[in-house]
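Chain letters run A, B, ... following the sequence lines, proteins first, then strands; residues in each count from 1.
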Amino acid sequence: MNVMQQMQEKLKTAIQQAVISAQLAKEEEIPSIILEQPKDKTHGDYATNVAMQLARIAKKAPRQIAEEIVEQLKDSNDLVKKVEIAGPGFINFFMNNQYLNDLIPVILEQGNAYGSSDLGKGVKVQVEFVSANPTGDLHLGHARGASVGDSLSNVLQKAGYEVEREYYINDAGNQINNLAYSVEARYKQALGQDAAMPKDGYHGADIIQIGKDLAEQYGDSLLEKSETEQFTFFRDYGLKYELEKIKRDLEKFRVPFDHWFSETSLYTEDKVVPAIEVLREKGYIYEQDQATWFKTTEFGDDKDRVLIKSDGSYTYLSPDIAYHKNKLDRGFDRLINIWGADHHGYIPRMKAAIQALGYDEDTLKVQIIQMVNLFENGEKVKMSKRTGKAVTLRELMEEVGIDAMRYFFVMRSSDSHLDFDMDLAKSQSNENPVFYVQYAHARICTMLKQASEKGITYDDYDVSLIQSEKAEDLLKKLGEFTTVVEDAATNLTPHRITQYVFDLASSLHSFYNAEKVINEDDIPSTKAKLALMNAVSITIANALALIGVEAPESM
RNA sequence: GUCCCAGUAGCUCAGCAGGAUAGAGCAACAGACUUCUAAUCUGUAGGUCGGGCGUUCGAAUCGCUCCUGGGACGCCA
């Protein structure tokens, strides 16, 4: 618990005691005390609505209750400078901001670790994301999924969860056959032969490149192999090529994975049949029309789902159930899957599987990422994966840069559609929030550097010299960071981090314009401000690190 | 037809375990650089929170219903 949170807890306890001393309610009747930060500064630093909540229990008017609470609070508290009753019965607290002085030393000492907490208490969480089929380049949607997944994982880690990031490789099934046939066709075309692409083939430029590579390396010698040998070769070559490309791209995008899980391994290690058998033993499986069905309707799904088709092959649901059983068997307390919006209809059956396996429905959380629309020159860029004309993650990294992408993709709530404006992301102007935030960090670094060149150190700073309103606003913002991270972790909303860091940068710029930091005629005050600046730069850098954006020292 | 997401300022979006006068950025308008980076700041203006009904002392937030946009509804993955 950080300085800010300790203080809030103390205040809550004091309020609770005051309610009891005023004999307004019995201890068990008191609602949990909610402290909110009023939007309007004239309403104090914190406000509570407890008097309104107690109106029914105490059978008194809220303002009357508020007065009685305030009366009891008076003697007990040195945290509070002033208390006011306002509006329908709000109690507004104006805090004695002395506590803020403790903040700077704590931030400077904690450094990179500032913002962490033990909220998660080491609970084991697995985050599975991207998991794109290894049949082509990663595109925009994957980029958003990668950004959100990685940022969310960082946030959870910062909040004290034990996190593992996993990529599920769909290296079995029809799409891989199509990949093999597509590679074959491109290879033959590269040899000058007239070969048609398969009906559901992959038309990306990367597959054309594979064809050329193979033609160059092997000539037409591959055609001498038997048909099955050819198929296996094209499949394995294509798979390896695509997967390594994906790994390279994600690494460059600063999205590391702890584990790459192969779908094929579910078959080679015989995990699929046993998973279905578990469901069968529990009575959730039946046979009908020569197919094997899973009673997902027992868990609220629209209709039951087929696991084994009448031709004896599995539907995609079967390995997915086996996969999720495997995840749970590995001992994760919580599973988070990040899926594109086009898979949302799949949630009920996956949750059904989790419950049928004997786990609570909430063990699995599926975070849906809405679609991304790309805009260039004010126009929507059309995309189609089928014809291979999609804008790829790699192209975008080259064109707009990683920092802007990482920031933009996580800037909006995941369940809002995202308009990605290429021109804005590329622009080095005040319209671009990434530059705004990075500039704040760079500005501080410049000041710290200049101070150091002038021989001003701040190891013996006196925080009590920080008095101005702008500086206090900055301090309050700094103090919120840990709570913001916890909030983002609890609600799985990494976009809170971009909002926060933008606000913090805004406070910094405002402070910068109002006050000069380095003043050689007032060294004590300069030292205090330098310490504050350093604390701000640490916090900005920590927040940016959570979303995979660099904090430059100069721009 | 069923389900999911969205509908908030001119534009892009926050806010949605109910709380005071609904916020931010951009765009618009008016100002601030002989100063640690003006990639910045200060101010003004801008809103029946898609419509209606309901629950509540109190609703952008909860419930019902309708409208609009996007997506999903396979023994495809």
Protein proximity profile, nucleotides 10-17 of chain B - base contact B, sugar-phosphate-only contact S, no contact -, cut-off 4.0 Å on heavy atoms: --BSSS--

Protein-nucleotide distance (A:D301, atom CG; B:C4, atom P), rounded to Å: 12 Å

Span that lies between the P atom of B:A9 and that of B:C49, in whole angstrom: 10 Å

Stacking check A:F502 vs B:A24 (5.5 Å / 30 deg): no

Validation row: A:W293, A:K295 side chains within 4.5 angstrom (heavy atoms): no

Aromatic centroids of A:Y316 and A:Y346 separated by under 6.0 Å: yes

Nearest-angstrom distance, P atom, B:U61 to B:G51: 10 Å

Nearest-nucleotide pick for A:H344, side chain only, options being B:U42, B:A72, B:A20: B:A72

Between B:G19 (C1') and A:L54 (CG): distance, integer Å: 15 Å

Lys/Arg N to Asp/Glu carboxylate O, A:E287 vs A:R280, below 4.0 Å: yes

Crowding at CD, A:E469 (>12 non-hydrogen neighbours, <6.0 Å): no

Separation of atom CG in A:N373 from atom C1' in B:G71, rounded to whole Å: 12 Å

Per-nucleotide protein contact string for nucleotides 29-37 of chain B (B base, S sugar-phosphate only, - none; heavy atom under 4.0 Å): -------BB

Whole-Å P distance, B:G46 and B:A22: 13 Å

NZ/NE/NH1/NH2 to OD/OE distance under 4.0 Å, A:E128 and A:K327: yes

Nearest-Å distance once atom P is located in both B:A45 and B:A24: 12 Å

Residues forming a salt bridge (Lys or Arg N to Asp or Glu O under 4.0 Å) with A:E399, sequence neighbours excluded: A:K426

RNA chain B: stems of at least 3 consecutive Watson-Crick or G-U pairs whose donor-acceptor distances fall under 3.5 Å: B:1-7 with B:67-73, B:10-13 with B:23-26, B:28-32 with B:40-44, B:50-54 with B:62-66

All ring pair (Phe, Tyr, Trp, His ring centres under 6.0 Å) counterparts of A:F511, not counting sequence neighbours: none

Sugar-phosphate, base or nothing in reach of A:N178, heavy atoms under 4.0 Å: nothing

A:N432 CG to B:A27 P, straight-line distance once rounded to whole Å: 12 Å

Counterpart residues, salt bridge (Lys or Arg N to Asp or Glu O under 4.0 Å), relative to A:D403 (two or more places apart): A:R254

Pairwise P distance, B:U48 and B:C11 [rounded to whole Å]: 13 Å

Stretch residues 530-540 of chain A: residues that reach within less than 4.0 Å of RNA chain B through a heavy atom: none

Rounded P spacing from B:A17 to B:A60 in Å: 14 Å

Between A:E480 and A:Y500, a side-chain donor and acceptor under 3.5 Å: no

Rounded distance in Å between the C1' positions of B:U42 and B:A6: 36 Å

For atom CD1 of A:I368 and atom P of B:C3, their distance in whole Å: 17 Å

4.5 Å side-chain heavy-atom contact, A:V372 and A:F409: yes

Whole angstrom value for the distance that separates P of B:A59 from CE of A:M52: 12 Å

Chi-angle category of B:A39 [syn within 90° of 0, anti beyond]: anti

Pair A:F234 and A:Y181, ring centroids less than 6.0 Å apart: no

Pairs satisfying salt bridge (charged side-chain N to carboxylate O under 4.0 Å, His left out), at least one member in residues 307-321 of chain A, at least two apart: none

Other residues, nucleotides, ligands: >12 heavy atoms within 6.0 Å of A:Q290 CD: no

Check: protein-nucleotides 75-77 of chain B nitrogen or oxygen pairs below 3.5 Å:
| residue | atom | partner | partner atom | Å |
| --- | --- | --- | --- | --- |
| B:C75 | O2 | A:S310 | N | 2.9 |
| B:C75 | O2 | A:S310 | OG | 3.0 |
| B:C75 | N3 | A:S310 | OG | 3.4 |
| B:C75 | N4 | A:D289 | O | 3.2 |
| B:C76 | OP2 | A:K309 | NZ | 2.8 |
| B:A77 | OP2 | A:Y316 | N | 3.0 |
| B:A77 | O3' | A:Q175 | OE1 | 3.3 |
| B:A77 | O2' | A:Q175 | OE1 | 3.3 |
| B:A77 | N6 | A:Y316 | OH | 3.1 |

Results of ring pair (Phe, Tyr, Trp, His ring centres under 6.0 Å) for A:Y284 - residues two or more places apart only: A:F299

Salt bridge (charged side-chain N to carboxylate O under 4.0 Å, His left out) contacts touching residues 506-515 of chain A (sequence neighbours left out): A:E515-A:K529

Gap between atoms CD1 and P, on A:I91 and B:G19 respectively (whole Å): 17 Å

OP1 or OP2 of B:U42 under 4.0 Å from side-chain N/O of A:K470: yes

Atom-pair distance (CD on A:Q367; C1' on B:C4), nearest Å: 13 Å

Along RNA chain B (nearest heavy atom to each residue), the more 5'-positioned of A:A341 and A:Q53: A:Q53

ring-ring contact (aromatic ring centres under 6.0 Å, His included) partner of A:Y168, the single match among A:F129, A:W260, A:Y323: A:Y323

Flag if over 12 foreign heavy atoms under 6.0 Å of CD, A:E553: no

For A:R496, salt bridge (Lys or Arg N to Asp or Glu O under 4.0 Å) partners two or more places apart: A:D487

Glycosidic conformation of B:C33, taking syn as within 90° of 0 and anti otherwise: syn

